[in-house]
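In each ligand, atom 1 is the first atom listed, and ligand 1 is the first ligand listed.
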Amino acid sequence: MIEIQREDILVVVDMQYDFLPGGSLAVAGGDEIVPLINALAKKFANVVLTQDWHPADHISFASQHRGKAPFETIELDYGIQVLWPDHCVWNSHGAEISRDIHIPHAQLVLRKGYNRGIDSYSGFQEADRQTLTGLAGYLNERDTGRIYVVGLAADFCVAWTALDGAAGGFGVTVIEDATRAIDTNGSLAQAWADLDAAGVQRIMSRDILG
Ligand code: VGL
Ligand code: ZN
C-alpha cells in the first residue's frame, strides 16, 4: 500500500465531455474511471485539474487542413502533429469537465491548448517544447511532493504530462487503471515505453485505495 503524503498532488487530466462516451473524441471506457478518480481524489489534499481548451480553428483539428482526416498526421514547425476531430472548443459543452467528477477541493483548473498554432498535450508545456504553462512554477512554489497522474488519455495528455513532470525533477506516478487510452498507431505501447524509460512509476488504484 502507498500512503499519500500531505505534499503529494493528484493531477486529473482532461476529464471533459468530448473525451467521454458521446463526445467528439471519445476515449473508450473513459466513463469507467470517473468513480475511481473521485475515490482517489479523497486521499489527496492537493488536486489540479487540466482542461484541454482550443479555439475553434485550432491547428490540431483535421478540419483545418484540406484533404486531411482525423488521426492522420502532418508535419508542423515543432514536429509531427496528429490531427484530431474538433474537440474541446472553448466554451462549448464538450470542453466542460464532467459534472460526475466530484472534486470540490480541487485547487487549480489549468487550461492548455489555447494557442491556435500549438497543440498542448502536456500540462507543463506546449508541443513546441518551449511555451510553458506555469504548472511547474505553481507546483514548485507549493513544495509539491510526488505527482500522481490520472485521466484521459493515457497515451497523450496523461503520458506527456507525466513525462514533463519527470523531466522537471518531480517524482511521478501514473495510476494505470485510472486512465484510458486513444491508442492510435501504436501510441499506447509507445507511451508506456517512454514512461518506463523516464522512470515514471506505474501503479494500480488498489495500491492507494486498498
Ligand atoms: C488529448 C488528443 C488531443 C488528450 C487532447 O487529452 O489526451 N488527446 N487533445
Ligand atoms: Zn486537444
> Counting only heavy atoms, which portion of Ile182 has something under 4.0 Å from ligand 1: side chain, backbone, both, or neither?
Replying inline: side chain
>> Under 2.8 Å from the Zn ion (ligand 2) - does any N, O or S atom of Asp52 fall there?
In response: yes
>> Counting C-beta onward and ignoring hydrogens, is there a side-chain heavy-atom pair between Glu96 and Asp18 closer than 4.5 Å?
In response: no
> What's the shortest distance from atom 5 (C) of ligand 1 to any protein heavy atom, and which residue and atom give it?
Replying inline: Asp52 OD2, 3.1 Å
> Can you hop from Ile103 to Ile175 via hydrophobic side chains spaced under 4.5 Å?
Replying inline: yes
> Do you know which two heavy atoms are closest between Asp14 and Cys157, and how far apart they sit?
Replying inline: OD2-SG, 3.3 Å
>> What protein heavy atom lies closest to atom 6 (O) of ligand 1? Include the residue and the distance to one decimal.
In response: Asp14 OD2, 2.7 Å
> Do side-chain atoms of His87 reach the backbone of Pro85 as a donor and acceptor pair under 3.5 angstrom?
Replying inline: yes
>> Looking at the Zn ion (ligand 2), is there an N, O or S atom belonging to His58 that lies under 2.8 Å away from it?
In response: no
> Counting only N and O atoms by type, is there a donor-acceptor contact under 3.5 Å from the side chain of Arg116 to the main-chain atoms of Asp57?
Replying inline: yes
> Can you tell me the protein heavy atom closest to atom 1 (C) of ligand 1 and the distance?
Replying inline: Cys157 SG, 3.2 Å
>> Working note: Asp52 + His54, criterion side-chain hydrogen bond (donor to acceptor under 3.5 Å, both in side chains); need CA distance, chi angles, decisive distance, verdict.
In response: CA-CA 7 Å; Asp52 211 39; His54 300 308; 2.9 Å; yes
> Is there a donor in the side chain of Gln81 and an acceptor in the side chain of Asp119, or the other way round, less than 3.5 Å apart?
Replying inline: yes
>> List ligand 1 atoms under 4.0 Å from Tyr121, heavy atoms only on the residue side.
In response: 2 (C), 3 (C)
> Can Arg202 and Thr173 be counted as having a side-chain donor-acceptor contact under 3.5 angstrom?
Replying inline: no
>> Looking at ligand 1, would His87 count as a contact under a 4.0 Å heavy-atom criterion?
In response: yes
> Counting backbone and side-chain atoms alike, does Cys157 have an N/O/S atom under 2.8 Å from the Zn ion (ligand 2)?
Replying inline: no
> What angle, in degrees and rounded to 10°, do you get at the Zn ion (ligand 2) when you join it to NE2 of His87 and to NE2 of His54?
Replying inline: 90°
> For ligand 1, which atoms have a heavy atom of Trp84 less than 4.0 angstrom away?
Replying inline: 2 (C), 3 (C)
